[in-house]
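What follows is a single structure, written as structure tokens, with notes after it.
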Amino acid sequence: MTQKTWTNLFAEIWATENYGVSASTGKEVMVEYSSPNTNKPLHLGHLRNNFLGWSVSEILKANGHTVHKVQIINDRGIHICKSMVAWTKFGEGETPDSSGKKGDKLVGDYYVKFDQEYKKQIAELVEGGMEKAEAEKQAPIMKEAQEMLLKWEKKDPDTYALWEKMNGWVYKGFDATYNQMGVDFDKLYYESQTFLLGKEEVEKGLESGIFFKKDDGSVWVDLTEEGLDEKLLLRADGTSVYMTQDIGTAILRYRDYPKISQQIYTVGNEQEYHFKVLFMILDKLGYDWAKGCYHLSYGMVDLPSGKMKSREGTVVDADELMDEMIDTAREHTEELGKIDGFSKEQAAELYETLGLGALKYFLLKVDPKKRMLFDPNESIQFQGNTGPFIQYTHARIAAILRKAEQLNFTPQEEDFNKLETLQPVELSLIHLLKDYPAKVKEAGDNYSPDIVAQYVYDLAKEYNRFYQEISIFNEEDETALRFRIALSGKVAEVIKKAMGLIGANVPDRM
RNA sequence: GGUUCCGUAGCUCAACUGGAUAGAGCAACUGCCUUCUAAGCAGUAGGUUCGGGGUUCGAGUCCCUGCGGGAUCACCA
């Protein structure tokens, strides 16, 4: 390519509004990216899940699709009954207000309390000579939880009221966490509102011979021809299982949004088998949209000690982690002493931008399919291939643009044609800018925010080289000077957009 | 055991889907702040891409096999 071709290319990029954002394709998709249980707070695993799904949603929007972000809340079942039982027995009326605890944390504490009590009772029964397996069934507190679930299914008023109260606490807690995370949903689905539809569908499938009933009354689907196994859909007592609910939820969603051509489930890879089966069943039921269902499967987040285990207390709490990140950002910033003239509010905002930017970039720069290691002590840096490095690059450019405005250097498109020579680093920046739309497309096609993350790092890194090599305002040729301001401006714009796709803000000063 | 995913520098990750000399960051070492923000830049060192076969003009990438690790195969969700 000749010099002229490059300058023309840049002129074109420079003049493009919404660079890297495609025109509407008319395609409409749904992305589910959070599916919490209401018995415990969100943790690091949820962070990867939610950031990933949120980012994929934004990337798909940039690719011209209409996206509906949804959540499925596992608000019913034995897990929440355990918290309810423990609270009733030991809670002494404790509420988030009375204790000052966040609602999801409080309910989580009672879930732990239940487990402790349960273990104690098992130990006592075993002591008395009972087999362990039998003790697990006979422990009084477990029986209480099961009774409570039955009461709930019968809509016993007291049980229902307690269930609503405790779930309400949890939702308030979740809202605070989601708000801090900077993620949002267009619609919420609750399993308590979808499992009945799932049951109906299973009944229908039974009538039409797609499913079959065993002697004990339980309903199954036979997937042996597809190389899988038989799978339970309704228990002998008629109650639903996980699969039943998911069938109902999927169908309800297509009723709510008839135009969607694809439904994306952002769920960990431990559930690959489940979704394979779910999509097969939906297909068997005759829903042709089942072919458009996709399980966006991501790898687990491991700690140096191995897998996170809530029972062993090795879970990294989402709220605590975000607080720590913001705190670390504050420490770094204060050490560097670069925020003269910042108000308290501005400083706080910056710490949040940096802390969350570091966290999101860290979790999203890795291929979602792969499991990743998170070392709380040293994983998240602020130098090198990190969010703050990219944010810093943006702040540097912002400073240049401020100065350019002060000095009245306003780039004009005709400047670019008059350029004598381009430096290698300038060529390579134009080259990188040119790649941006293709990267957004690739990231969308592969549901991989890491492609955007990797790209924006490369761009920032190259810009820093440019920044070091070329002193913009010492340039005597004003045409070249204005071109470099335009180039810097466009780089800043793309950095901001790309970081926006992974949910990270960029500051003008830091 | 069946199915499936993975194994790349001491550590954490890339490698345009089969192309040229496998690249970044962290950690280590050496330089660079009277010049637009040093959260930066330049450089040194670090590799039998887990082992062994095969396909191909060409393999980190595809096939077979061995070893090591994860996930899953629930009347849990």
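Labels below follow one simple rule: chain letters A, B, ... track the order of the sequence lines, proteins then strands, and each chain is numbered from 1.
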In whole Å, measure the gap between the [atom1] atoms of [N] and [M] for me.
| N | M | atom1 | answer |
| --- | --- | --- | --- |
| B/rU44 | B/rU48 | C1' | 23 Å |
| B/rG60 | B/rU17 | C1' | 13 Å |
| B/rA27 | B/rU12 | C1' | 11 Å |
| B/rU49 | B/rG10 | P | 12 Å |
| B/rU4 | B/rC11 | P | 30 Å |
| B/rU34 | B/rA28 | P | 25 Å |
| B/rA74 | B/rU55 | C1' | 43 Å |
| B/rA71 | B/rC64 | C1' | 24 Å |

Between [X] ([atom1]) and [N] ([atom2]), how many Å, whole number?
| X | N | atom1 | atom2 | value |
| --- | --- | --- | --- | --- |
| A/N464 | B/rG25 | CG | P | 12 Å |
| A/F466 | B/rG40 | CZ | P | 19 Å |
| A/H332 | B/rU37 | NE2 | C1' | 17 Å |
| A/Q245 | B/rC76 | CD | P | 12 Å |
| A/M372 | B/rG7 | CE | P | 15 Å |
| A/Y298 | B/rC5 | OH | C1' | 16 Å |
| A/K369 | B/rA14 | NZ | C1' | 13 Å |
| A/R465 | B/rA38 | CZ | P | 17 Å |

Strand partner of [N], provided both Watson-Crick or wobble distances fall under 3.5 Å:
| N | result |
| --- | --- |
| B/rU61 | none |
| B/rG1 | B/rC73 |
| B/rU44 | B/rA28 |
| B/rG68 | B/rC6 |
| B/rU17 | none |

Open item on the list: Anti or syn, where syn is a glycosidic angle within 90° of 0; which label fits B/rU17?
Closed with: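 The base of B/rU17 is oriented syn (glycosidic angle within 90° of 0).
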Open item on the list: Need the glycosidic conformation of B/rC57: syn if within 90° of 0, anti if not. Which one?
Closed with: anti
TODO: Could you pull out the closest heavy-atom pair between A/L9 and A/I430, with the gap in Å?
DONE: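 Heavy atoms of A/L9 and A/I430 come nearest at CD2-CG2, 4.1 Å.
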Open item on the list: How about CD on A/E405, more than 12 heavy atoms from neighbouring residues, nucleotides or ligands closer than 6.0 Å, or not?
Closed with: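 Atom CD in A/E405 is not packed in, count stays at 12 or less.
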TODO: Report the residues that fulfil side-chain contact (heavy atoms from CB on, under 4.5 Å) with A/D216, sequence neighbours left out, ordered by chain and then residue number.
DONE: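 Testing A/D216 for side-chain contact (heavy atoms from CB on, under 4.5 Å), a comparison that skips the adjacent residues, returns A/K214, A/S218, A/A236.
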Task: A/Y467: partners by ring-ring contact (aromatic ring centres under 6.0 Å, His included), with sequence neighbours left out - done: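 A/Y467 satisfies ring-ring contact (aromatic ring centres under 6.0 Å, His included) with no other residue.
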Task: Between A/T38 and A/N167, a side-chain donor and acceptor under 3.5 Å - done: yes
Open item on the list: Can you confirm whether the side chains of A/H295 and A/N269 place a donor and an acceptor under 3.5 Å from each other?
Closed with: no
Open item on the list: Show every side chain to side chain donor-acceptor pair (under 3.5 Å) that has at least one partner inside residues 360-370 of chain A, sequence neighbours left out.
Closed with: A/Y361-A/N385
TODO: Enumerate the residue pairs fulfilling side chain to side chain donor-acceptor pair (under 3.5 Å) with a member in residues 483-492 of chain A, sequence neighbours excluded, ordered by first and then second residue.
DONE: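 Every side chain to side chain donor-acceptor pair (under 3.5 Å) pair that includes a residue of residues 483-492 of chain A, provided the two are not neighbours, is A/E426-A/R484, A/Y463-A/S488, A/E475-A/R484, A/K490-A/E493.
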- [ ] Apply the side chain to side chain contact (heavy atoms under 4.5 Å, CB included) test between A/Y265 and each candidate in A/L296, A/L278, A/V31; give the one that qualifies.
- [x]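 Only match with A/Y265 under side chain to side chain contact (heavy atoms under 4.5 Å, CB included): A/L278.
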With the threshold set at under 4.0 Å for non-hydrogen atoms, list the residues of [range] touching RNA chain B in residue-number order.
| range | value |
| --- | --- |
| residues 500-510 of chain A | A/D508, A/R509, A/M510 |
| residues 388-409 of chain A | A/F389, A/Y392, A/A395, A/R396, A/A399, A/I400, A/K403 |
| residues 440-461 of chain A | A/N446, A/Q454, A/Y457, A/K461 |

Open item on the list: So A/T333, base contact, sugar-phosphate only, or nothing? Heavy-atom distance under 4.0 Å.
Closed with: base
Open item on the list: Heavy atoms only, 4.0 Å cut-off, all strands: where does A/L354 land among base, sugar-phosphate and nothing?
Closed with: base
Open item on the list: Whether A/K338 contacts B/rA38 is assessed here as follows: a side-chain N or O lying under 4.0 Å from the phosphate OP1 or OP2. Is that the case?
Closed with: no
Task: Check: A/Y447 ring centroid to A/Y294 ring centroid under 6.0 Å - done: yes
Cut-off 3.5 Å, no hydrogens considered: what does the side-chain donor-acceptor table look like for residues 386-399 of chain A, sequence neighbours left out?
from, atom 1, to, atom 2, distance (Å)
A/T386, OG1, A/F389, N, 3.2
A/Q391, NE2, A/T353, O, 3.1
A/Q391, NE2, A/N505, O, 2.8
A/Y392, OH, A/R396, NE, 3.4
A/T393, OG1, A/F389, O, 2.9
A/T393, OG1, A/N464, ND2, 3.1
A/H394, ND1, A/P507, O, 2.9
A/R396, NH1, A/N464, OD1, 2.6

Task: Selection residues 267-281 of chain A - residue pairs positive for salt bridge (charged side-chain N to carboxylate O under 4.0 Å, His left out), sequence neighbours left out - done: none
Task: A/R371/A/D302 ion pair, N-O < 4.0 Å - done: yes
Open item on the list: Tell me whether the rings of A/W163 and A/W152 are parallel (<30°), tilted (30 to 60°) or perpendicular (>60°).
Closed with: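 Correct class here is perpendicular.
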Open item on the list: Both A/Y467 and A/D367 contact RNA chain B. Which one's nearest nucleotide lies toward the 5' end?
Closed with: A/D367
Open item on the list: From the set B/rC36, B/rA77, B/rA39, return the single nucleotide nearest to any side-chain atom of A/I472.
Closed with: B/rC36
Please output the side-chain donor-acceptor pairs of residues 192-199 of chain A that fall under 3.5 Å, not counting sequence neighbours, one pair per line with the distance.
from, atom 1, to, atom 2, distance (Å)
A/S192, OG, A/D75, OD2, 2.5
A/T194, OG1, A/T249, OG1, 2.9
A/K199, NZ, A/G238, O, 3.3

Open item on the list: Using the side chain to side chain donor-acceptor pair (under 3.5 Å) criterion, which residues pair with A/T328? Sequence neighbours excluded.
Closed with: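 Side chain to side chain donor-acceptor pair (under 3.5 Å) check on A/T328 returns nothing, list empty.
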Might you list the N or O atoms of the protein lying below 3.5 Å from N or O atoms in nucleotides 68-75 of chain B, with each pair's distance?
from, atom 1, to, atom 2, distance (Å)
B/rC75, N4, A/D216, OD2, 2.1

